[in-house]
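Inspection log for the structure reproduced underneath, given as structure tokens.
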Amino acid sequence: MWFLFIIFAFIAGLALPAQVSINAQLKNYVGTPLLASTISFLVGLLVLLIGTLIHGSWNLGKSLTTAPWWIWTGGLLGALYVFASIILIPRLGAATTIACVLAGQVVASIMIDHFGLFQVTVHHVTIPRMLGALLIIVGVILVQKF
């Protein structure tokens, strides 16, 4: 089962450069990065609502009134990412934008794991993890330079 999750993560990763490139082109048709971001989120909202209706997963489980304040920031961070990618793709290109995003994701992920932020299980920073992050940052530099 673990291997299937790895494949799913890889496929999601394959979708990311396509998504940001498509959203950047959407901006050319609608005029502004903000409107393109809004349209992208509306389409995603519709797809997720349809999936929720089909699946019948309206049970909220724990009450949202007891949730920590930061639980609401996921959509905000998603909006920031989509909006930033629409602005960055035409200026940096898809490869450099995604490489920089990947580097930021790895650095943030290591910090989240190490400190157990957002109730994530703690996985302490190790030399191999730091080396992996450094190699990704070197890869970003190589992608950007060449």
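Owing to the predicted nature of the structure, the values given are computational and were not obtained by experimental measurement.
- Scored by the side chain to side chain contact (heavy atoms under 4.5 Å, CB included) test, T126 finds P128, R129 as partners (sequence neighbours excluded).
- Linking ILVMFWY residues whenever their side-chain heavy atoms come closer than 4.5 Å, directly or via other members, leaves M111 and V125 in distinct clusters.
- Taking every heavy atom of both residues into account, G116 and V122 meet most closely at CA-CG2, 3.8 Å.
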Please output the side-chain donor-acceptor pairs of residues 31-44 that fall under 3.5 Å, not counting sequence neighbours, one pair per line with the distance.
{"unit_1": "T32", "atom_1": "OG1", "unit_2": "L35", "atom_2": "N", "d": "3.1"}
{"unit_1": "S37", "atom_1": "OG", "unit_2": "P33", "atom_2": "O", "d": "2.8"}
{"unit_1": "T38", "atom_1": "OG1", "unit_2": "L34", "atom_2": "O", "d": "2.9"}
{"unit_1": "S40", "atom_1": "OG", "unit_2": "N23", "atom_2": "OD1", "d": "3.4"}
{"unit_1": "S40", "atom_1": "OG", "unit_2": "N23", "atom_2": "ND2", "d": "3.3"}

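- Taken from CZ in F115 to CD1 in I110, the straight-line distance is 11.5 Å, to the nearest 0.5 Å.
- Applying the under-4.5 Å side-chain rule to Ile, Leu, Val, Met, Phe, Trp and Tyr, the cluster around M1 extends to L4, F5.
- L142 CG to I137 CD1: the interatomic distance, rounded to the nearest 0.5 Å, is 12.5 Å.
- Looking at residues two or more places apart in sequence or on another chain, you find no side chain to side chain contact (heavy atoms under 4.5 Å, CB included) involving L46.
- Among residues two or more places apart in sequence or in another chain, the side-chain hydrogen bond (donor to acceptor under 3.5 Å, both in side chains) test is passed with Q105 by none.
- Residues satisfying the ring-ring contact (aromatic ring centres under 6.0 Å, His included) criterion with H124, sequence neighbours excluded, are H114.
- Under the 4.5 Å side-chain heavy-atom criterion for Ile, Leu, Val, Met, Phe, Trp and Tyr, I86 and L26 are members of distinct hydrophobic clusters.
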Show your working on side-chain contact (heavy atoms from CB on, under 4.5 Å) between I136 and V107 and close with a plain yes or no.
CA-CA 10 Å; I136 289 172; V107 169; over 6 Å; no
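- Judged as a side chain to side chain contact (heavy atoms under 4.5 Å, CB included), and not counting sequence neighbours, L48 has no contacts.
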Going through the checks in order, is the side-chain contact (heavy atoms from CB on, under 4.5 Å) test met by L102 and V140?
CA-CA 8 Å; L102 175 62; V140 168; 5.8 Å; no
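- Note: the hydrophobic cluster containing W2 does not contain F10 (ILVMFWY, side chain heavy atoms under 4.5 Å, direct or indirect links).
- I89 and F83 fall into different hydrophobic clusters, where Ile, Leu, Val, Met, Phe, Trp and Tyr residues are linked whenever their side-chain heavy atoms come under 4.5 Å apart, directly or through other members.
- Listed by chain and number, the hydrophobic cluster partners of I22 come to none, as no ILVMFWY side chain reaches under 4.5 Å of it.
- Listed by chain and number, the residues in a ring-ring contact (aromatic ring centres under 6.0 Å, His included) with H123 amount to none (sequence neighbours excluded).
- Scanning both residues, P17 and S21, for their nearest heavy atoms gives O-OG, 2.8 Å.
- Pairs passing the side-chain hydrogen bond (donor to acceptor under 3.5 Å, both in side chains) check and including a residue from residues 86-98, sequence neighbours excluded, do not occur.
- Clustering of Ile, Leu, Val, Met, Phe, Trp and Tyr by side-chain heavy atoms under 4.5 Å joins L92 with L88.
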Side-chain donor-acceptor contacts of residues 67-81 below 3.5 Å, not counting sequence neighbours, with atom names and distances?
{"unit_1": "T73", "atom_1": "OG1", "unit_2": "W70", "atom_2": "O", "d": "2.7"}

